[in-house]
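Below is one structure, written out as structure tokens, with a few remarks after it.
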There are 2 protein chains.
Amino acid sequence: MAVSPTSLAAFAALLADPTRSAICLALLDGRAWTAGEIAAEVGVARSTASEQLTTLVGAGLLAEERQRRHRYVRLSGHQIATVIEDLAGLAGAPEVPRSLRESHRARDLAAARTCYDHLAGALGVGLYDAFVDRGLLTTADGTALTAAGRSWFTELLGEPALTARGRPLIRTCLDWTERRPHLAGALGAALHHGLRERGWVVAGPRPRAVRLTEAGAHGLEELLGRPMLPSTGDRGVEGDGHAGALAGWGREASA
Amino acid sequence: MAVSPTSLAAFAALLADPTRSAICLALLDGRAWTAGEIAAEVGVARSTASEQLTTLVGAGLLAEERQRRHRYVRLSGHQIATVIEDLAGLAGAPEVPRSLRESHRARDLAAARTCYDHLAGALGVGLYDAFVDRGLLTTADGTALTAAGRSWFTELLGEPALTARGRPLIRTCLDWTERRPHLAGALGAALHHGLRERGWVVAGPRPRAVRLTEAGAHGLEELLGRPMLPSTGDRGVEGDGHAGALAGWGREASA
DNA sequence: AGAACGGTTCGGCGGCCGCCGAACCGTTCT
DNA sequence: AGAACGGTTCGGCGGCCGCCGAACCGTTCT
């Protein structure tokens, strides 16, 4: 028997409100946020955030954890995160930055950011392209790992990273800013984690933004045999930060 | 830059209404429906259906085609179908049948039905299980075709069926009734199409329901080396139809 | 030519729901 | 002990939006 229209509608309604959808988008970074942080991020009264969080937790979209006087919430699982990402991808029309501050924020996030637990933005898409060009991933029948890819990723991330448990190893995710796929799934998460551990990628100037370090740029160029230039040309020549060839990826300006 | 909460909310709102979600669920069968058919199926006034169709078409969820005095609508693409399926899967709670008529309908659809353009229900899940057991599909890193699977499907469906264009060859879709995956993607569609062409599967007693024919049961048993019994035990012993071992799949009662 | 038909537009009714501030509660800090 | 803090509950305002029937339009049938 099919799912009833009523329950589908009720589920969709959870995301059909700007406040609730903003909460979910914020939580796509995979972290747990407190109720107060969310109220501040989304720009609503604490009472409103509290009410909406209760709704989302009650519906199972979010999981909560009470610690002392804090209420931490996070997305309840990667299926939820996936469907939110897919909807966001289809919703399309990216917001147009209105202020200089917003345009800085947009530039930083477009360069390199996290998407739930993997890398996105120009960096994420650039890596994905490099993997395909190097024959590490094949896109013939959906995206899959080649033999070469298997050994390449094993060398970089270790054996365990290639053993997916309870979750697809390879998934692609439509990038909001680039409109092209980047690597998600268990391997996408492992890659993100591995690059962080090596210090090749570090937290960026604002939530969700990340930066490719000097070491990371060198290391990846060596491993992938290409300079990893952002495909969309350089950006970020707004006065704060030295616009270099890699500025589009939020690379360190220390060079 | 990230998708704005507003546009995500606006997109989700399209599915957040029982009438619109019912329209989308009906269209998941992949066919084009006229506005009047939809009004009747969903149970609203023609004027209401007309208004909602205009909304959904305007938003890009549906594509329309005007022919003479008819207005045909269908889902605008498989990305849309996929996200609706995913949401429906997460929405979970299948409707509880209230009347005998509804319970018949539920039983027929649970046995075997179409899900957009591929097979679902006990038949769809049973086939998927058989493919995995026979080593035609591997589920190690997400679902993929093995070498054995490649030749098996080529033999059954012909070479072109294995050449996906613009769409993943293999996808799985969470079955609403079975709560387990069935085969979707280009190969799922090709399989459905191929079985129809051979007359192994035919239209069932109501929209979206399908029936496995005698020939189909024999043919699949021969090709898969298993009797394809529904895993949930037999059903449909409601007085209309001879409950056989395959009754759960809507198999012909002509035996 | 007239009737039937599929579909659309419009006005207006009805109801739902997100929002905030005020008051309140338990926890933590000084 | 008192103040600050994170969070919640509640009342009530405000606005949106889905729905229908009536009137209408173009197409098709007889």
Side-chain angles (χ1 to χ4, degrees), chain A residues 4-27 31-74 91 207, chain B residues 4-27 31-74 91 207:
Chain A
S4 79
T6 314
S7 60
L8 171 55
F11 189 87
L14 295 169
L15 296 170
D17 169 76
T19 299
R20 287 192 298 264
S21 66
I23 292 172
C24 292
L25 288 174
L27 293 175
R31 295 186 324 158
W33 295 50
T34 67
E37 285 170 343
I38 289 203
E41 165 78 17
V42 173
V44 292
R46 293 209 315 276
S47 57
T48 302
S50 173
E51 288 165 344
Q52 300 296 16
L53 290 178
T54 300
T55 300
L56 292 169
V57 169
L61 251 73
L62 306 188
E64 76 177 9
E65 211 166 322
R66 308 257 177 173
Q67 265 178 32
R68 311 176 169 191
R69 64 180 172 182
H70 294 279
R71 177 195 207 177
Y72 288 95
V73 292
R74 55 182 166 78
Chain B
S4 79
T6 314
S7 61
L8 172 55
F11 190 87
L14 295 169
L15 296 171
D17 169 77
T19 299
R20 285 193 298 264
S21 66
I23 292 172
C24 291
L25 288 174
L27 293 175
R31 295 186 323 157
W33 296 47
T34 66
E37 286 171 342
I38 289 201
E41 166 78 17
V42 173
V44 292
R46 293 209 314 276
S47 58
T48 302
S50 173
E51 287 166 345
Q52 299 297 16
L53 289 178
T54 300
T55 300
L56 292 169
V57 169
L61 251 73
L62 306 188
E64 79 178 5
E65 210 166 322
R66 307 259 177 171
Q67 265 177 31
R68 311 175 169 194
R69 62 181 173 183
H70 294 280
R71 178 194 206 178
Y72 288 95
V73 291
R74 55 183 168 76

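Remember, it's a predicted structure, so these values are computed and weren't measured experimentally. All chains are named by letter (A, B, ...) in the order of the sequence lines, taking the proteins before the strands, and each is independently numbered beginning at 1.
Looking at every heavy atom in both residues, A9(A) comes nearest to P18(B) through CB-N, 3.6 Å.
One atom, CG of D17(B), and another, P of dG15(C), lie 17 Å apart when rounded to the nearest Å. One can place CG of L53(A) at 12 Å from P of dC19(C), the figure rounded to the nearest angstrom.
Of the candidates dG7(D), dG7(C), dG18(C), dG7(D) carries the atom nearest the H70(A) side chain, counting heavy atoms from C-beta on. Picking from dG18(C), dT8(D), dT27(C) the nucleotide with the shortest atom distance to the side chain of R69(A) gives dT27(C). When each of dC19(D), dC19(C), dC20(D) is scored by its nearest atom to the side-chain atoms of T48(A), the top-ranked nucleotide is dC19(C). Considering only the side chain of V44(A), dC20(C) comes nearest among dG18(D), dG21(D), dC20(C).
Below the 3.5 angstrom threshold, one finds no donor paired with an acceptor across the side chain of Q52(B) and the base of dC19(D). Counting distance only, with no hydrogens placed and no angle test, the side-chain atoms of E51(A) and the base atoms of dC17(C) include no donor-acceptor pair under 3.5 Å. In this model, a side-chain donor or acceptor of R46(A) finds a partner on the base of dG7(D) within 3.5 Å.
Residue order along DNA chain C, read from the 5' end via each residue's closest nucleotide, puts E37(B) first among G43(A) and E37(B). Toward the 5′ end of DNA chain C lies the nearest nucleotide of T34(B), the other residue of the pair T34(B) and S47(A) mapping further downstream.
To the nearest 0.5 Å, atom CD of residue E65(A) and atom CZ of residue R71(A) are 12.5 Å apart.
Not one side-chain nitrogen or oxygen of R71(A) sits closer than 4.0 Å to the OP1 or OP2 atom of dT27(C).
Bending across the helix from dA1(C)-dT30(D) to dT30(C)-dA1(D), expressed as the angle between its end axes from five pairs apiece, amounts to 30° (10° rounding).
Shown here are the side-chain contact (heavy atoms from CB on, under 4.5 Å) partners of E51(A), two or more places apart in sequence or in another chain: there are none.
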